[in-house]
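Counting starts at 1 for both ligands and their atoms, in listed order. We count residues from 1, following the sequence as given. Note that this is a predicted model, so its numbers are computed, not measured.
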Amino acid sequence: MNTTELKAAVDKRRTFAIISHPDAGKTTITEQMLLFGGVVRQAGTVKARKSGNFAKSDWMEIEKKRGISVTSSVMQFDYDGKRINILDTPGHEDFSEDTYRTLMAVDSAIMVIDSAKGIEPQTKKLFQICKMRGIPIFTFMNKLDRDGREPLDLLNEVEEVLGIETYPMNWPIGMGKGLKGLYDRYNHRVELYHNEAHGETFLPLDDEGKLDPSNDLTKDSIYRDVLDEMELIEEAGNDFDEAKITSGDLTPVFFGSALTNFGVETFLKTYLNYAPKPNVHKTRDDELIKPTDEEFTGFVFKIQANMNPNHRDRIAFVRICSGEFDRGMDVYLQRTGKKMRLNNSTQFMADTRETVETAVAGDIVGLYDTGNFQIGDTIYAGKHAVQFEKLPQFTPELFMRVNAKNVMKQKSFHKGIEQLVQEGAVQLYTSYSTGDYILGAVGQLQFEVFKFRMQNEYNSEVVMEPMGNKTARWIDPEQLDEKMSSSRNLLVKDRNGEPLFLFENAFAERWFQEKYPDVKLTAKL
Ligand code: G4P
């Protein structure tokens, strides 16, 4: 590709994540989008998931069993002249770290809210992660076909609870059984609900924002209420401000119903007008890598083993930040300086994996990995060495001692632990005094997934002994004296061999600091 072609290709990319509290409708809306993109022919894989044929974006057995989405997946399709990359995120709060890393690889996010429930705990948590990333957030108020809360009430809640300004792009005309349509402020029209039989779906608004008086809807009191509400919003609401959208300080809000495919396509089209193109990425040396820079760069934000249990494969997911990816190209792995050839790459189209030949900034490629990559690794081609900013690591708070149930099966036990730890599924520590394996996680469900996967994917039954909550603090190895370890703090090393203490509680940590005032303890590596 020459420079002009590269720029044109990059300009087409839109890479985003969909976040929601479980059951708000993330999978349903993703499927609708895939339908528009012509990638799947039939809706209803959500239902299929529940009846055994799980949704195409949900790979793992455990997800089927629990009906939750644990890991993130990637889907690519073309729509309206754009190439779209959707990154799915786990809905459960125990997987916030995985979500955060996924959000490092997108340029914007869609927040799906159940309009009957409003902001739920996980919406809040995921939103805060987006906010930390400072990316634009677009809101879809779902399930309008059911009786939900008043639209104004929902907007208020978003503003108050999440602390972000809202700008309603459309407004519901009725809801539940009384749903008539959407007053589309942005496109200046009314979108009628389930109107296939009558032909026209979209009715234009006049300069004053009103329907033709001959239309029956104008006689409906619901329509007149909407006009009143719109007037109120025009006067008292926020202005549409693109700069604020870009900085993540204002969220455009769309109402609709994913299940009945109402308002979803309008949403997608409008969203794509504002969704940012691939962004610049900062290196550790504060250099800004532009997506149209010629030399290829990217970083690994996720590693997943056994996506296809029959093939025992391991895939490193790379977000491309600049240049052109060509299958078979040589790149350097920054951490080791090793040169490697990228022969075996894949991209994810809803239900199939295809070998990728070329890809550009914004795209995600999956590289078949034999253990070379770690999460956060930078790869680059060309002479100029690049290292992107570190991906954040959440300090674990829950700990478990772990052993193989069958001592004869140490080999599969070690292999499983090594791979799952490399994926970032859990953290692994080793006790200084006994050499015991200790797992650390942010949430309990991570342990359950670990145990399940050890058994299913590595045929290794594990015994886990809960150690409860601990405060993990790293210590400078120069300052370490093994005598510092006591009954209130356990001395362990992390997988890089760095020493840290697991304190029983904050009191134990204070006690330690008073005893060793010169020792510097840190919360994160
Ligand atoms: P998630 O990925 O965010 O967890 O949500 P998902 O799409 O799986 O949707 C959760 C439930 O909400 C599903 O129902 C789905 O059919 C329903 N749903 C999604 N969007 C809408 C909508 O716009 N309107 C209505 N009324 N329902 C919606 P379920 O009961 O779990 O499954 P099923 O019995 O419908 O198959």
Given that the side chain starts at C-beta and the backbone is N, CA, C, O, which of these parts of [X] lies under 4.0 Å from ligand 1, counting heavy atoms, or is it both or neither?
{"X": "Leu259", "result": "both"}
{"X": "Arg146", "result": "side chain"}
{"X": "Asn142", "result": "side chain"}

(request) Return a yes/no value for Thr28: is any of its N or O atoms, backbone included, closer than 3.5 angstrom to an N or O of ligand 1? (result)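 Between Thr28 and ligand 1 (N or O atoms, distance only) the closest approach is under 3.5 Å.
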(message) Below 3.5 Å, N or O to N or O, backbone or side chain included: is there any such pair between Leu144 and ligand 1?
(response)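 Among all N and O atoms of Leu144, none is under 3.5 Å from an N or O of ligand 1.
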(message) Quiz question: by atom type and distance under 3.5 Å, do the side chains of Tyr274 and Tyr186 form a donor-acceptor pair?
(response) yes
Counting each atom of ligand 1 from 1 as listed, which ones have a heavy atom of [X] under 4.0 Å away?
{"X": "Thr27", "answer": "1 (P), 2 (O), 7 (O), 8 (O)"}
{"X": "Ser20", "answer": "3 (O)"}
{"X": "Pro22", "answer": "4 (O)"}
{"X": "Lys26", "answer": "1 (P), 2 (O), 3 (O), 5 (O), 7 (O)"}

(message) So Asn142 and Ile113, do their side chains get closer than 4.5 Å, heavy atoms only?
(response) no
(message) Is the terminal nitrogen or CZ of Arg101 (NZ for Lys, CZ for Arg) located under 6.0 angstrom from the six-membered ring centre of Phe301 and within 45° of that ring's axis?
(response) no
(message) Would you say that more than 12 heavy atoms from the other residues, nucleotides or ligands in this model lie under 6.0 Å from the CD of Glu150, or not?
(response) no
(message) Using ring centroids (six-membered ring only for Trp), state whether Tyr183 and Tyr223 fall under 6.0 Å.
(response)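 Ring centres of Tyr183 and Tyr223 not closer than 6.0 Å.
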(request) State yes or no: are the ring centers of Phe138 and Phe254 separated by less than 6.0 Å? (result)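 No, too far apart.
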(message) Salt bridge or not between Asp249 and Lys131? Use side-chain N to carboxylate O under 4.0 Å.
(response)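 A salt bridge is present here (some side-chain N lies under 4.0 Å from a carboxylate O).
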(request) Between Asp145, Asp23, Asp114, Val264, flag the one that comes closest to atom 24 (N) of ligand 1 by a heavy atom. (result)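 Nearest heavy atom to atom 24 (N) of ligand 1 lies in Asp145.
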